[in-house]
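What follows is a short report on a single structure.
Sequence lines set the chain letters: A, B, ... in the order given, protein chains first and strands last, and positions in each chain run from 1.
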2 protein chains.
Amino acid sequence: MSIQKIARLAGVSVATVSRVLNNSDTVKAKNRDRVLQAIKEANYQPNLLARQLRTARSYMILVMVSNIANPFCAEVVKGIEEEAEKNGFRILLCNSGSDIERSRSGLSLLSGKMVDGVITMDAFSRLNELAALIGEAPWVQCAEYADAGAVSCVGINDVDASQHVVSRLADAGRQRIALINHDLSYKYARLRERGYKSVLHLRDLEYQAVEYASELSSAAGMAAMEALLAAPTRPDAVFAVSDTLAAGALRAIEQAGLRVPDDIAVAGFDGTELAGLVSPPLSTIEQPSRDIGRKAVELLLNKIDNPDAPTERVMMDWHYIERAST
Amino acid sequence: MSIQKIARLAGVSVATVSRVLNNSDTVKAKNRDRVLQAIKEANYQPNLLARQLRTARSYMILVMVSNIANPFCAEVVKGIEEEAEKNGFRILLCNSGSDIERSRSGLSLLSGKMVDGVITMDAFSRLNELAALIGEAPWVQCAEYADAGAVSCVGINDVDASQHVVSRLADAGRQRIALINHDLSYKYARLRERGYKSVLHLRDLEYQAVEYASELSSAAGMAAMEALLAAPTRPDAVFAVSDTLAAGALRAIEQAGLRVPDDIAVAGFDGTELAGLVSPPLSTIEQPSRDIGRKAVELLLNKIDNPDAPTERVMMDWHYIERAST
DNA sequence: CTGAAAGCGCTTACAG
DNA sequence: CTGAAAGCGCTTACAG
């Protein structure tokens, strides 16, 4: 079922078949019909490998997600999908788990010319390695700030957002505010920790406690919260850098027989559906997840069409949602 | 940076470069070193399109997920990833949303020879259309039963599992058990509804109420629960066919000022992390999500290696987890 | 152990 | 409006 066979079937040359396939308008109606007929009869489907090898264009973009199970990531991906589809692009998802071997494997699709560009959501600390693998190919980093190299990126101002949450907790009279953070290989983790610490400093709050979750799951959030509760001085507020972690913290507090927010206030981050589902519902920073995804595609397509386009760093707006957990 | 350039750089033929690339052991050490050196210097990366076009092998499998944001799907995907990786295969994720246009677009990767096979998690009702698109290519349907055509599939016995949940609710003295189902284009939705109804019948329970959620989100679960609560007779138990829906139901019940399980018992399905996170934690059917994914890959690779392998239908074990919500 | 050459299935100037 | 031919970048018998 190659273009050859169709040509034979329709009694025309392969060039003509190709023209029909590509909607060239220079094909005589009769020939077009014969080709279309032959295609249908043979249930012919063009070989993408050959086409892309020839045209050096795939209209596909690779999306390297750090963790597909993270609802925030899923939302961003939806935004990416929407915008890509709107522009005639298809997306291929690769779950890197921020693992460099996996990333390498995934990125071979890029260097191997199967896709036209890549959107990554990997940890900042991996960016240099990624940069080496990606080389000159179109690339946008998403939902994780990149301040080095020529990568365009889109995200929010994590320091500001984090400061806002912690300030609100302090405003409400909380004295001992703890942080449940993700590991510091992520830039956003560093930035949010910076925001947290700066507010403690500004407000002369002495208590400071940071627990690092090994992954963005609520199990990890529970474990972190248990560690905080086991310390000699108990926090009266906890800021978790993701709703998933915060949901786990909630659970741990409940299991310790304490009440939220009476004994301990809990705030999350991301503004995922989960935040509104748990009990009590979580105060959180809502990120414009879909828009982040859409914007990333916009930047990437721009880069694909125009390889010399300057590097862009886009900051999106966030806002704080106050709920019963604080 | 083609194999040509490397050949020139290393002073050998393209055949020799290709042999080095493919770890052929018939290359003299000196030549191998020169090639390797040239590859490094030029930062050469082979063009996958050309390679796959030539070899008709990609070592990639396509995974069509119906909804990437569904935690159960995410777990299955992890199982798929693990098993694929173990066998030297890479996976490409496509979020079809059970939309036929999206599916068509994704499946062009298959017909276009970019991947060696496909694992779908699409709705049963779409299977015929999919079958037409997929043709003879290796294909396994996952977590959704397929009883027609030559598709292999792996899942659980949904009727049994559903009967078990409803029986337990009835055992506990619940008289008015409602069902929150997904739309009936999914076979599992039909099967679970069948299980539900058969138990009601068997136990001579008169009350019967089924609400259909438009999607697998907790918002849809809330809406469904609100509809159930608005009816003249209120249920005293609800079985939701996914934990996400059940979590939404929980929220709706709470907002109506009722208590779980005192006023209404709630049971979910899937055994996702979410079920243990909400309050009260959900009784649920635990599916062996990872194993389902692994098994699907096993069947698919078998089909790829041996196209005439017979169709297989594998049923995995499930078990019921009882928690405070019932 | 190595190289020249054919061929995978397309697209696209080019000539007519 | 159409076809013959070159070429995208690989791999792999085949001959030496």
**Report entry** Presence of salt bridge, B/K78 and B/E81, under 4.0 angstrom
**Finding:** no
Query - Worked check of side-chain contact (heavy atoms from CB on, under 4.5 Å) between B/R57 and B/I304 - result: CA-CA 10 Å; B/R57 207 71 157 78; B/I304 290 174; 3.8 Å; yes
Requested in this report: Give me the ring orientation class for B/Y188 and B/Y186: parallel if the planes are under 30° apart, tilted from 30 to 60°, perpendicular past 60°.
Outcome: tilted
Query raised in the report: According to a strict under-4.0 Å criterion, is B/N47 in side-chain N/O contact with OP1 or OP2 of D/dC8?
Result: no
Report task. Check whether the side chains of A/S2 and A/Q4 place a donor and an acceptor atom closer than 3.5 Å, and report yes or no. Result -> no
Query raised in the report: The side chain of A/A15 lies closest to which of these nucleotides: C/dT12, D/dC1, C/dC10?
Result: C/dT12
Requested in this report: Tell which nucleotide pairs with C/dC1, taking only Watson-Crick or G-U wobble pairs whose two distances are both under 3.5 angstrom.
Outcome: D/dG16
Report summary line: Per atom distances to the B/L53 side chain, the nearest of D/dG9, D/dG3, D/dC10 is D/dG9
**Report entry** Separation of atom CG in B/N23 from atom C1' in D/dT12, rounded to whole Å
**Finding:** 16 Å
Report task. For B/K30 and B/D33, run salt bridge (Lys or Arg N to Asp or Glu O under 4.0 Å): C-alpha distance rounded to whole Å, both residues' side-chain angles, the deciding distance at 0.1 Å, then the answer. Result -> CA-CA 5 Å; B/K30 191 165 59 169; B/D33 290 347; over 6 Å; no
Query raised in the report: Looking at B/S18, does any N or O in its side chain come under 4.0 Å of the phosphate oxygens OP1/OP2 on D/dC10?
Result: no
Query raised in the report: Any donor-acceptor pair under 3.5 Å between the side chain of A/R19 and the base of D/dG3?
Result: yes
**Report entry** Nearest-Å distance for atom pair CG/P, residues A/L49 and D/dT11
**Finding:** 13 Å
Query raised in the report: Counting any heavy atom closer than 4.0 Å, what does A/T55 reach on the DNA or RNA strands: base, sugar-phosphate only, or nothing?
Result: sugar-phosphate
Query - Residue-phosphate contact under 4.0 Å: A/S2 side-chain N/O, C/dG9 OP1/OP2 - result: no
Query raised in the report: Is there a salt bridge (Lys or Arg N to Asp or Glu O under 4.0 Å) between A/K295 and A/E298 once you walk through the steps?
Result: CA-CA 5 Å; A/K295 191 73 189 176; A/E298 192 186 316; 3.2 Å; yes
Report summary line: B/Q52 CD to D/dT11 P, in whole Å, measures 11 Å
Report task. Grab the CD-P distance between B/Q4 and D/dG7 for me, whole Å please. Result -> 11 Å
Report task. Dump the intermediate steps for side-chain contact (heavy atoms from CB on, under 4.5 Å) on B/L127 and B/W139, then the final yes or no. Result -> CA-CA 11 Å; B/L127 254 40; B/W139 173 27; 4.3 Å; yes
Requested in this report: Determine the interatomic distance between P on D/dC1 and the same-named atom on D/dA5; round to the nearest Å.
Outcome: 24 Å
Requested in this report: Find the distance B/R51:CZ to C/dC10:P and express it as a whole number of Å.
Outcome: 21 Å
Report task. Calculate the interatomic distance between A/L48 atom CG and C/dC8 atom C1'; express it in whole Å. Result -> 15 Å
Report task. Kindly say if B/S13 contacts the phosphate of C/dG3, meaning a side-chain N or O under 4.0 Å from OP1 or OP2. Result -> yes
Report task. Let me know the distance between CZ of A/R8 and P of C/dC10, rounded to the nearest Å. Result -> 12 Å
Requested in this report: Name the closest nucleotide to the A/L21 side chain, picking from D/dT12, C/dG9, C/dT11.
Outcome: C/dT11
Query raised in the report: Heavy atoms under 4.0 Å, any strand shown: does A/T16 hit a base, just sugar-phosphate, or nothing?
Result: sugar-phosphate
**Report entry** Close approaches to DNA chain C from residues 104-116 of chain A, in residue order (heavy atom, under 4.0 Å)
**Finding:** none
Query raised in the report: In terms of side-chain heavy atoms, does A/D183 have a donor or acceptor partner in A/S185 at a distance below 3.5 Å?
Result: yes
Query - Closest listed nucleotide, where the reference is the side chain of A/R54 and the choices are D/dC8, D/dG3, C/dG7 - result: D/dC8
Query raised in the report: Between atom CG in A/N22 and atom P in C/dC10, what is the gap in whole Å?
Result: 11 Å
